[in-house]
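Each chain gets a letter, A, B and so on, in the order its sequence line appears, and its residues count up from 1.
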Amino acid sequence: MSGATIQSEGAALSPGGCLALLWPGCDPALVDPAARQRIEQVVAGFSSVPRIALELRLADGDRRIDLHQRITRTHGEPALLAAHLAGARDDPIRTFLIDWADDTDGLAGAIEQVFLEWDVTDAPGAAVTPAVFLPVDLRRDPASARRSRRAWALDLIDRLQPGGAGRRAVEALCNALPPDGSISHVGAMSGRAAGVRINLRAVQRGTLGAVLQAIGWPGEIEPAVTWFDRLAAASDRVTVTLDLDRAILSQIGFEVFLDAPPQQEPRWEPLLDMLVGAGLCAPDKRAALLTVSRTLLPEAPGQAWPAQWLLAAAASEPTLLPWFEVQLSHVKLTLGLQGAAEAKAYVSAQHHWSRKSPPLAPAEPPRSRREAIEAAVGFLLAARRQDALWDDFRLANGSSDEWVSAFVGLALARLERPALADALDQTRRAIEARWRPGSGWGYNAVSPADADSTAWALKFLSAVAPRSGCIDGARAFLARHLLADGGIATYAPSTPIRIGGVAVAARGWRGSHDCVAANAAPLLDGALDGYLCERQQPEGCWHAMWWKTDAFATALAVESLGADVAVRQRAIGWARVQELSTASPFDRAWLATILMRGDKDDCARAAAMLDLLAAEQRDDGSWVAGAPMLFPAPDSTGRDPGSAVLLDIRRSFTTAALLMVMGQAARRERGGA
Amino acid sequence: MTRASPKDIQRAIDFLARAKDLPPQGAVPPQIDYAHLVALAAAQEIELDAASIAQGFRLMMQARRVAS
């Protein structure tokens with residue numbers, strides 16, 4: 001038993017602690033007592049990094065379980081790995097891992113983390129050498145960087161499998177891959193028939209067949225494409241895994257991710273149902289997966305924090321707090337020979353240290369507005385899902401993709417760039433496919449259609465496909481939300497609303513909402529104009545029902561009623577006196593768009609505000625999330641200041657809002673809108 | 001684990017606050033359990049049971065979270 005020094009973040013923490021906290025919440029249908037004992041024996045031989053995952057077969061009666069460990073460059077983990085490997089049997093993988101830990105040949109800078117994978121057999125200790133997975137293309141790499149990283153990955157394959165045939169096959173695959181193909185990871189699979197595994201990320205729905213043809217994949221394309229498209233439509237993202245030996249093998253895998261746990265993400269259930277329906281997942285395993293995710297704090301009652309972790313936490317800096325997380329990470333579907341399919345689930349169990357994060361730094365050097373627009377476009381395209389939709393804001397009924405995609409799509413469409421036409425056409429098709437005939441669009445597919453989401457979708461479709469077959473029906477649906485008081489409701493009286501499976505009256509959500517009126521007014525031929533004018537507050541703004549602040553609703557109202565000089569002047573007067581020092585980039589952008597309609601001084605001030613916002617943009621092209629959505633109680637008839645604020649955690653909504661405003665400013669400066 | 005007395009919990013917090021200085025040079029085996037912790041305290045001539053250590057640790061972490 002080796003000693004381990006107690007210190008703060010670099011503390012050696014037993015990965016066995018992950019199992020001690022995992023087991024009480026893990027149904028025996030997933031891991032039975034005999035398997036637990038075997039896993040504990042194998043994990044006792046891992047390095048002291050408390051971050052493991054179980055790979056579970058989902059078929060009825062299949063008890064096989066494999067193990068993973070992720071080692072990062074943080075928390076002194078490379079040194080812990082090197083110390084662990086010091087006495088191990090020498091082989092190429094061990095040598096590579098020690099070199100990575102010691103940063104020999106600059107490996108540390110290029111590889112921020114490695115994934116180790118053990119096939120756990122019935123004989124403990126038999127699986128000594130793990131498979132190793134390494135990152136290859138970075139998500140936003142330019143083509144030139146990809147070339148050099150791939151060349152370097154090929155050399156690593158040679159190094160991990162000297163004399164193996166994998167290098168040539170991977171090289172051929174890289175050469176045949178379409179230019180936008182991205183290899184997320186390469187794996188050296190020791191002790192398996194296939195020597196190398198390649199993971200492809202961001203393959204767009206509807207394009208897998210072309211990719212597989214281009215690389216000469218020898219399997220049956222149609223069933224693979226059918227599964228991929230179904231899975232991509234049901235998830236946040238799907239990674240395609242290909243095995244290679246002397247050539248590409250006909251086995252193909254799809255790793256399917258949803259970014260939130262089942263308690264917060266309603267799509268887990270239908271995704272697992274799809275696997276149960278195909279006979280690939282036992283019902284008791286499905287039920288167990290839906291309840292396995294949890295977060296534990298060390299001070300929580302009813303659990304025993306592992307003794308060794310306890311001592312490390314007590315000895316750590318007082319600013320550090322440990323916590324533990326079990327996650328249903330993803331599921332994987334593998335198609336083998338003659339259409340044989342297998343499903344697996346990956347459950348991670350990991351210890352975290354948390355401390356206050358430093359504020360996110362803006363890009364360096366600061367960007368101009370023109371540069372910020374380019375970077376924002378790049379960020380949004382990279383953030384788009386494989387089904388060509390965006391998602392953001394997380395509620396109990398999941399993230400929004402229909403409403404958010406219409407908004408983000410509109411921001412890009414208003415740039416009127418031919419280079420974006422293909423991407424926007426894919427989004428247009430995805431949005432049209434989500435239309436409920438005779439109705440409209442909603443927050444997401446599991447939420448009922450509503451007036452606000454439908455208004456944004458109509459604006460998007462009008463910009464990219466004015467002859468879309470959805471438009472007339474959706475306009476009629478929108479008009480059915482007009483109320484006797486002259487306003488418009490988010491939800492119509494006849495719309496069924498269920499929360500947690502229970503039907504609710506939701507009287508507040510069916511009342512007049514000024515933020516929805518401000519958005520929908522241009523689509524209803526003046527039907528809302530009189531109401532909107534009346535609802536302008538004496539200070540010049542409009543109060544939003546669904547937003548904590550009023551800048552967005554006021555900017556939309558001004559856009560809808562722009563021709564009314566008195567209304568516009570009152571709104572500009574309100575915008576002039578708003579406190580900017582505490583306002584989010586989201587609110588400042590909408591205030592700037594109101595001021596752009598004012599006099600010379602207002603315009604100069606708006607330009608200065610937008611210049612400052614451009615300089616605040618983060619390196620990846622996004623802005624700090626700041627769209628303050630509210631989730632008022634269903635019966636609340638006005639804005640509920642006590643309701644929780646939900647930010648766009650993926651930053652897509654804020655970034656699209658700033659892109660929309662900066663694009664509009666650029667058009668005005670060119671003499672357009 | 002049995003219920004710990006306030007006095008025992010305070011002793012446990014004092015013991016854990018000195019965790020960094022525990023002999024020998026802070027080296028502990030990775031598979032230690034609560035019995036090891038009790039023995040470590042005893043080696044410091046501090047009489048503690050597992051329940052007191054667990055409760056003292058919870059309060060210590062709670063205090064950190066409030067302060068963070």
- Query: Under a 4.5 Å heavy-atom cut-off, does chain B meet the side chain of Pro301(A), its backbone, both or neither?
  - Reply: backbone
- On the 0 to 90° scale, with breaks at 30° and 60°, tag the Trp118(A)-Phe46(A) ring pair as parallel, tilted or perpendicular. parallel
- Message: Is it the case that the side chain of Asp14(B) and the backbone of Ala17(B) share a donor-acceptor pair, with hydrogens and angles ignored and the cut-off at 3.5 Å?
- Response: no
- Note on the structure: Cut-off 4.5 Å, heavy atoms of chain B, and the answer for Ala300(A) is backbone
- Query: For Leu37(B), is it the side chain, the backbone, both or neither that has a heavy atom under 4.5 Å from a heavy atom of chain A?
  - Reply: side chain
- Task: May I ask you to check whether Phe115(A) and His68(A) place their ring centres under 6.0 Å from each other?
- Result: no
- Which salt bridge (Lys or Arg N to Asp or Glu O under 4.0 Å) pairs, counting each pair once, include a residue from residues 17-28 of chain A, with sequence neighbours left out? none
